[in-house]
Undergrad: 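Provided herewith is a single structure, encoded as structure tokens, for subsequent inquiry.
Starting from 1, each residue takes its place in the sequence as its number. Counting starts at 1 for both ligands and their atoms, following the listed order.
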Amino acid sequence: MTEAAPKKEPRRKFQAIRGTRDLLPPDTALWNHVEETAHSVFSTFGFGEIRPPVFEPTELFARAVGGETDIVSKEMYTFAASPESESDESSNETISLRPEATASICRAYIEHNMQQLPQPVKLYCMGPMFRRERPQKGRYRQFYQIDAEVLETVRPDASKDAAKELTKDAIVDAEVIEMVMTIFDRLKLPGAQLEINSIGHAAENCRRGYVEKLRTELLKIKDKLGTDSQRRIETNPLRVLDSKLEHEQPIIATLPKIADHLCDDCKTHYAAVKRELELRGVFYKENWRLVRGLDYYMRTTFEITAQGLGSQNAVCGGGRYDGLVELLGGPPTKGIGFAIGEDRLILSLQEAGRSSLVRRGGPLVYVAWMCANAYAAAVHATKDLRAVGVRVELPPVEQKLGKALERADKLGAHYALILGDNEVAEGKWTLKTLADGTQQKFTETQLLDFLKKL
Ligand code: AMP
């Protein structure tokens with residue numbers, strides 16, 4: 001009896017997981033341009049780069065972002081830490097892919113005793129974040145943020161002059177906002193619009209009092225609200241102000257406004273932020289409904305929107321979070337930061353046709369070598385040209401001239417560098433400009449000089 005041939009399984013065609021995507025050339029040139037611009041602006045404002053890990057104990061995010069938030073309660077990618085490797089805490093601890101960067105940066109600030117460095121400490125980072133949200137245009141499950149934070153531990157001998165401290169904080173806030181607007185300005189982001197608000201601080205005579213008042217008012221009109229807003233009356237009434245539901249808009253417009261319930265310190269601080277933004281020529285719009293989704297914010301909150309993004313039009317969100325470092329076990333520390341959504345920033349730049357402005361390096365040279373004699377010279381010249389930054393394509397096979405020119409054209413080359421028997425004998429290369437078909441002869445040194453200048 002013959003054995004039955006093993007049944008062939010159809011080969012599975014793998015695809016990127018829903019909500020994730022490949023960033024491909026030539027788009028990645030724009031991503032790099034955005035990141036280089038950010039690196040350069042950050043450096044002019046005295047920020048240093050930090051690269052925290054992409055996973056941390058779940059507890060860190062639960063404590064920092066807030067256990068009640070959608071991010072922590074529904075959207076984190078969480079898995080078991082293997083007992084001895086990932087964590088030296090208890091073996092049933094879970095770890096999560098980071099949904100945002102602020103918590104990690106605060107954790108690193110504490111872990112590396114950065115309160116001993118000259119204050120404030122100004123840090124930035126870039127990289128992927130993970131949230132299990134419903135994917136749509138501009139919303140992904142792996143997305144990228146460019147994040148900056150300013151942290152300042154309050155020294156016991158710090159100035160006791162409260163007004164001076166409030167102004168100092170406001171100046172830091174304004175400078176951070178000025179910095180992100182500078183990045184957008186350099187990138188020529190179309191229609192960048194800054195909105196600001198103050199959400200006060202957690203005290204009875206400030207936000208806590210306001211939230212209670214808001215809850216009381218919301219309970220009176222509960223029946224007119226959607227189910228999400230009804231739930232939020234209990235869990236987080238401020239978030240009702242975030243609602244985008246059409247029928248809720250006229251109702252929300254009549255609710256009490258936080259600006260009328262800020263304590264004197266928060267009022268002084270907010271007025272100073274506005275004054276400082278004006279001094280820096282940063283245009284803003286006030287939006288009393290801007291509360292932001294994360295628990296840790298206080299006083300300044302801000303958001304920046306851009307064109308061409310549909311409903312997901314926020315490209316940056318940020319705010320002040322004094323007290324977060326302490327909540328994570330560190331010393332009393334002030335903080336302010338923001339996160340730019342890089343995916344959306346790129347989308348907006350692409351919609352506005354900005355991708356074409358990105359320089360993709362120097363001219364592309366296609367080396368058309370056409371005899372065995374020429375090959376070694378072609379390899380050496382390619383190496384020399386690349387060393388001075390010229391982009392060179394060296395085909396691995398010998399080609400006829402017509403074929404080589406055709407391929408050079410397909411690749412978008414600017415020049416074909418022709419090396420056949422004649423050129424080898426003469427010790428000179430022929431450089432053909434593909435756009436107009438003109439040709440020039442060069443020794444290798446002349447050629448390097450000519451191409452370097454372009
Ligand atoms: P957040 O950390 O929620 O304050 O978000 C800051 C910025 O990150 C937002 O303004 C968005 O531009 C971007 N962002 C947040 N979530 C996503 C997501 N799921 N996909 C793409 N971008 C996002």
Side-chain angles (χ1 to χ4, degrees), residues 16-21 23 27 31 34-35 38 52 54 56 60-61 64-66 68-77 96-106 124-149 176-177 180-181 183-184 187 189-197 199 236 238-239 242 244 287 289-298 300-321 324 335-351:
I17 285 172
R18 199 166 116 81
T20 73
R21 63 206 180 120
L23 306 172
D27 292 355
W31 283 78
V34 163
E35 288 165 16
V54 297
E56 301 264 8
L60 172 70
F61 301 118
V65 181
E68 292 300 315
T69 56
D70 285 354
I71 293 181
V72 170
S73 63
K74 299 192 251 180
E75 296 170 359
M76 284 209 296
Y77 288 92
S96 298
L97 297 184
R98 63 181 180 193
E100 55 101 59
T102 308
S104 302
I105 294 180
C106 290
Y124 74 93
C125 82
M126 306 179 182
M129 307 293 153
F130 307 86
R131 295 182 197 171
R132 195 186 279 113
E133 294 191 85
R134 194 171 47 79
Q136 66 181 86
K137 183 183 172 193
R139 190 156 76 192
Y140 310 97
R141 291 179 166 179
Q142 173 173 337
F143 60 100
Y144 294 79
Q145 285 188 339
I146 299 175
D147 187 281
E149 316 287 343
V176 163
I177 295 174
V180 63
M181 293 310 279
I183 295 176
F184 290 160
L187 292 169
L189 180 69
Q193 162 96 249
L194 164 70
E195 294 192 343
I196 60 167
N197 190 24
I199 55 165
N236 191 350
L238 278 181
R239 291 294 312 280
D242 257 354
K244 302 274 185 300
N287 176 0
R289 289 176 51 179
L290 190 70
V291 292
R292 316 258 316 121
L294 311 184
D295 276 2
Y296 50 61
Y297 287 113
M298 53 124 33
T300 306
T301 56
F302 62 97
E303 195 164 271
I304 300 157
T305 51
Q307 276 172 15
L309 293 172
S311 65
Q312 303 298 317
N313 65 349
V315 285
C316 176
R320 174 163 282 278
Y321 51 83
L324 177 60
I336 162 108
F338 63 77
I340 296 173
E342 200 178 348
D343 305 72
R344 293 187 197 170
L345 172 58
I346 300 274
L347 265 176
S348 181
L349 292 172
Q350 284 170 332
E351 293 281 324

Undergrad: On a heavy-atom basis, I'd like to know which of Tyr297, Phe338, Tyr144, Phe143 is closest to atom 17 (C) of ligand 1.
TA: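 It is Phe143 that holds the nearest heavy atom.
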
Undergrad: Examine distances only and state if a side-chain atom of Arg141 and a backbone atom of Glu133 form a donor-acceptor pair shorter than 3.5 Å.
TA: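 It does hold such a pair.
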
Undergrad: Any side-chain heavy atom of Phe143 within less than 4.5 Å of one from Arg344?
TA: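 Result no, sub-4.5 Å side-chain heavy-atom pair not found.
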
Undergrad: To the nearest 0.5 Å, what is the distance between CG on Asp27 and CG on Leu349?
TA: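 Here the interatomic distance stands at 11.5 Å.
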
Undergrad: Could you tell me the separation between the CZ atom of Phe338 and the OG1 atom of Thr102, rounded to the nearest 0.5 Å?
TA: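 Nearest 0.5 Å value for the CZ-OG1 distance: 10.5 Å.
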
Undergrad: Cut-off 3.5 Å, side chains only: do Tyr77 and Glu75 have a donor facing an acceptor?
TA: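 Judged by distance alone, the side chains do not pair up.
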
Undergrad: Can you tell me which portion of Arg139 lies within the under-4.0 Å heavy-atom range of ligand 1? Options are side chain, backbone, both, or neither.
TA: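 The part of Arg139 near ligand 1 is both the backbone and the side chain.
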
Undergrad: Counting from 1, what ligand 1 atoms have a heavy atom of Glu133 closer than 4.0 Å?
TA: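 Counting from 1, the qualifying ligand atoms are 16 (N), 17 (C), 18 (C), 19 (N).
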
Undergrad: For Val315, counting its heavy atoms only, list the atoms of ligand 1 lying under 4.0 Å from any of them.
TA: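 Close to Val315: 10 (O), 12 (O).
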
Undergrad: Any atoms of ligand 1 less than 4.0 Å from a non-hydrogen atom of Ala314? List them with their elements.
TA: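 Every atom of ligand 1 under 4.0 Å from some heavy atom of Ala314: 9 (C), 10 (O), 11 (C), 12 (O).
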
Undergrad: Below a 4.0 angstrom heavy-atom separation, can you tell me which part of Arg131, side chain or backbone, both or neither, approaches ligand 1?
TA: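 Side chain only.
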
Undergrad: Side chains of Thr305 and Glu195 only: does a donor on one sit below 3.5 Å from an acceptor on the other?
TA: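 No pair is found: no donor N or O on one side chain lies under 3.5 Å from an acceptor on the other.
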
Undergrad: May I ask you to list the atoms of ligand 1 that are less than 4.0 angstrom from any heavy atom of Cys316?
TA: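 Atoms satisfying the 4.0 Å criterion: 10 (O).
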
Undergrad: Taking both backbone and side-chain atoms of Glu100, is any N or O found less than 3.5 Å from an N or O belonging to ligand 1?
TA: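 No; the residue has no nitrogen or oxygen that sits under 3.5 Å from a nitrogen or oxygen of the ligand.
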
Undergrad: Does Gln145 approach ligand 1 within less than 4.0 angstrom via side chain, backbone, both or neither, non-hydrogen atoms only?
TA: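 For Gln145, the contact with ligand 1 is made by the side chain alone.
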
Undergrad: Measure from NZ or CZ of Arg98 to the centre of the six-membered ring of Phe61 and say whether it is under 6.0 Å with the direction within 45° of the ring axis.
TA: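 No cation-pi geometry.
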
Undergrad: Give the numbers and elements of all ligand 1 atoms closer than 4.0 Å to a heavy atom of Gly138.
TA: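 Those qualifying, in numeric order: 20 (N), 21 (C), 22 (N).
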
